[in-house]
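First the structure, in the form of structure tokens, and then the observations on it.
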Amino acid sequence: MTAGDLEDWARYGFSERLVRALFQGLRVGLYVVDHTGKILMVNPYAERLLDRPAQQWIGADSHDLLHRNADGSPISREDCPLSGAFSEGVYVRSEESWFTRGSGGLVPLGVMVAPLPMGGEEDMGSVVLFYDLWRHKAVEQKQAAALAAMEKLTDRLSLMAETSTVLASTLQVDEALRRLSRLLVPRLADWAIIDLLSPGGNGVDRVAVVVKQGRSGVKCRGLEGPLPAFPETSQAPMARVLRGGPAVLLGPEDLAERIDPEKERSVLRRRPYEELGAHSAIVAPLRTPRRVLGALTLARCETSSVYDSADLSLVGDIAGRAGLAVDNADMFEEQRRFASTTSHELRTPLAALRARLDEAVLYPADVDPRQTIKEVLTVVDRLKTIIDDLLVLARLRAGDPAAYEPIDVGALVTEEAAALTGGVPVHVDADRDVRVLGNRIQLIRVIDNLLVNARRHACTTVEVTVRRAEGSAVISVQDDGAGIAPQDRERVFEPFVRLDDGRRREPGGSGLGLAISRDIAHAHNGTLTTEDSSRGARFVLRLPTTDRRPPAPGTRGSAPDRPVTHGDSRVEEA
């Protein structure tokens with residue numbers, strides 16, 4: 001090599017350092033062959049990539065040493081595009097070629113062959129560059145997965161935003177839930193069902209069924225309507241969710257066995273699964289911090305993918321938002337009715353009070369002042385009772401925090417029954433050590449109200465039982481009076497609703513007692529209902545049990561002293 005040659009190469013940036021870097025540091029495999037395919041040179045990266053030392057390369061026939069079919073079998077020289085490029089001195093690019101490694105395995109490679117003059121027109125060779133397709137594909141797959149995850153996240157965020165918009169678009173609960181179902185079908189499910197618990201928690205109303213039809217969802221009113229209540233011991237996924245359990249993911253095997261074990265009782269509940277089909281399903285609670293309102297069920301058929309844990313989390317969030325929307329709509333309607341009824345209930349005694357005072361002012365000679373004052377004080381006492389109960393009800397419905405502690409409800413019921421004097425006798429049959437986590441003062445108010453209410457309507461006796469049943473404390477209070485007509489069993493829990501017999505027996509009541517009692521039950525994640533009985537009225541309070549024991553007296557967190565109750569402050573019948 002002459003000095004002139006070096007000067008010519010320097011024009012192109014040639015230097016010994018750069019040549020060394022290209023050879024040693026190039027992150028692509030490289031080898032050089034003559035026109036017969038014999039390997040003349042190999043770089044270190046090719047050694048490492050194919051796990052072959054340079055000694056195995058130099059002088060070896062590249063076709064015999066490296067080139068294989070995808071299954072590892074030898075490839076004929078005539079069919080090998082790389083060998084053909086060597087002999088013909090042409091460019092070749094292969095998107096996927098398979099080379100053997102020194103360890104005996106195969107590796108897919110992207111290969112490019114370029115002719116390389118070796119010193120004369122007839123002395124031609126080729127340079128071969130190759131890279132690991134597995135690593136390249138792994139990067140592509142990682143990028144594709146990241147892009148798919150981003151698209152999925154964007155779609156889910158969009159769905160959550162649309163969910164909030166749909167739920168806020170109307171205060172009509174049934175319509176809002178139907179709109180939500182049509183949003184989720186077919187975007188997230190092949191069919192959707194929304195079930196709401198009845199106000200007393202002793203029945204289920206299927207308010208929305210939407211089924212995929214083309215690119216939209218259509219209502220299926222034939223599957224809507226009331227459903228029978230689940231037995232207390234039911235272990236069906238829907239029953240567990242309605243009792244406050246977490247969202248449930250059901251695969252094909254679960255749907256065959258677990259969707260509703262009480263098959264003989266559940267024809268209506270199983271109809272959607274049998275008529276619409278389901279390969280995978282999610283049942284999520286419509287839950288608020290105060291209570292469970294119902295359940296959202298989404299299902300996919302065999303033509304759609306099976307739900308996974310990410311879907312379970314998403315559907316749980318959607319159901320939670322739906323629960324809050326239903327609760328807000330219920331509270332709005334309830335507050336509207338409550339304000340209207342309250343104004344009426346307060347206006348009536350105020351009008352009577354005003355009339356009596358006007359009469360005393362206009363006709364002083366004809367009115368006995370002492371008698372007038374006594375009548376006015378009676379009305380004032382009634383107004384005070386109503387206002388006090390309204391404040392209690394407002395605090396309960398606002399979710400004001402209360403101090404909770406483990407309480408033996410059997411002992412509590414026994415104590416409250418023993419504190420009653422005179423009147424109809426109360427017989428208590430209580431299991432021992434039935435504990436709930438609750439606010440003692442609030443639970444005493446419920447129990448006192450139920451006992452006083454039962455004695456008011458009983459003819460000869462009141463029977464009270466306390467039992468532990470399937471994770472719940474069940475307190476039953478039954479009188480032997482006239483009972484409550486089926487159509488009035490839910491009405492008695494509405495504010496200011498008082499049946500004729502109750503007005504006759506206790507004309508001064510506020511009409512808020514049972515409404516307060518039910519709200520206290522809900523605040524303790526329980527229920528208060530009227531149930532069938534062979535005679536009289538039977539009120540049943542259910543509260544979740546706990547295994548916790550109260551601390552020893554005098555220690556931190558010990559139970560407070562039992563509050564004193566007075567005859568004029570007992571809760572009146574609703």
Side-chain angles (χ1 to χ4, degrees), residues 334-397 419-424 426 444-446 448-460 462 479 481-485 487-488 490-519 536-537 563-574:
E334 192 174 297
Q335 287 169 357
R336 187 191 64 78
R337 291 197 312 266
F338 188 65
S340 174
T341 306
T342 300
S343 63
H344 171 75
E345 291 292 328
L346 291 175
R347 216 168 25 234
T348 300
L350 283 173
L353 181 61
R354 176 61 185 263
R356 195 73 182 96
L357 292 174
D358 283 344
E359 183 182 10
V361 171
L362 293 174
Y363 310 104
D366 300 328
V367 173
D368 181 355
R370 190 177 185 84
Q371 181 63 28
T372 299
I373 292 173
K374 288 178 63 176
E375 293 175 1
V376 167
L377 286 175
T378 300
V379 176
V380 169
D381 285 342
R382 173 165 166 72
L383 287 172
K384 181 180 181 301
T385 300
I386 292 175
I387 292 170
D388 288 343
D389 283 351
L390 285 173
L391 288 173
V392 172
L393 201 59
R395 291 193 188 101
L396 288 168
R397 296 186 176 182
L420 298 174
T421 58
V424 175
V426 176
I444 286 175
R445 182 158 196 164
V446 175
D448 282 357
N449 179 52
L450 295 179
L451 293 176
V452 171
N453 184 66
R455 294 180 83 203
R456 182 184 302 131
H457 295 278
C459 294
T460 60
V462 172
D479 62 62
I484 302 174
Q487 66 271 20
D488 292 326
E490 278 302 311
R491 288 186 62 238
V492 296
F493 294 104
E494 296 177 11
F496 300 114
V497 170
R498 305 186 70 222
L499 304 182
D500 292 341
D501 187 52
R503 290 184 183 277
R504 178 177 57 80
R505 293 173 181 266
E506 189 73 22
S510 71
L512 294 169
L514 289 177
I516 290 173
S517 297
R518 173 169 276 184
D519 276 12
V564 178
T565 55
H566 302 284
D568 60 356
S569 64
R570 285 193 180 276
V571 180
E572 303 293 343
E573 178 199 31

* V462 to V424 - nearest heavy-atom pair and separation ->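 Of all heavy-atom pairs spanning V462 and V424, the closest is N-CG1, 4.1 Å.
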
* To do: Work out which heavy atom in C459 is nearest to a heavy atom in G481; give both atom names and the distance.
  =>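 The answer is SG-CA, 4.0 Å.
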
Excluding sequence neighbours, so at least two apart, what forms side-chain hydrogen bond (donor to acceptor under 3.5 Å, both in side chains) with [X]?
| X | answer |
| --- | --- |
| T421 | none |
| E359 | R356 |
| D358 | R354 |

* Is any side-chain heavy atom of V426 closer than 4.5 Å to a side-chain heavy atom of L420? ->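 Touching, per the 4.5 Å side-chain cut-off.
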
* Does L450 reach the side chain of L514, with side-chain heavy atoms less than 4.5 Å apart? ->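 Of all side-chain heavy-atom pairs linking L514 with L450, at least one is under 4.5 Å.
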
* Just how far is it from atom CG of D479 to atom CD1 of I484, taken to the nearest 0.5 Å? ->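 Separation between the atoms: 8.0 Å.
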
* CD1 on I444 to CG on N449, rounded to 0.5 Å ->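 With rounding to 0.5 Å, CG (N449) is 13.5 Å from CD1 (I444).
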
* Can you sort out the partners of I373 under side-chain contact (heavy atoms from CB on, under 4.5 Å), two or more places apart, ordered by chain and number? =>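 Applying side-chain contact (heavy atoms from CB on, under 4.5 Å) to I373 gives L377.
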
* **With sequence neighbours excluded, residues passing side-chain contact (heavy atoms from CB on, under 4.5 Å) with D366** =>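 Checked D366 against side-chain contact (heavy atoms from CB on, under 4.5 Å); matches are Y363.
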
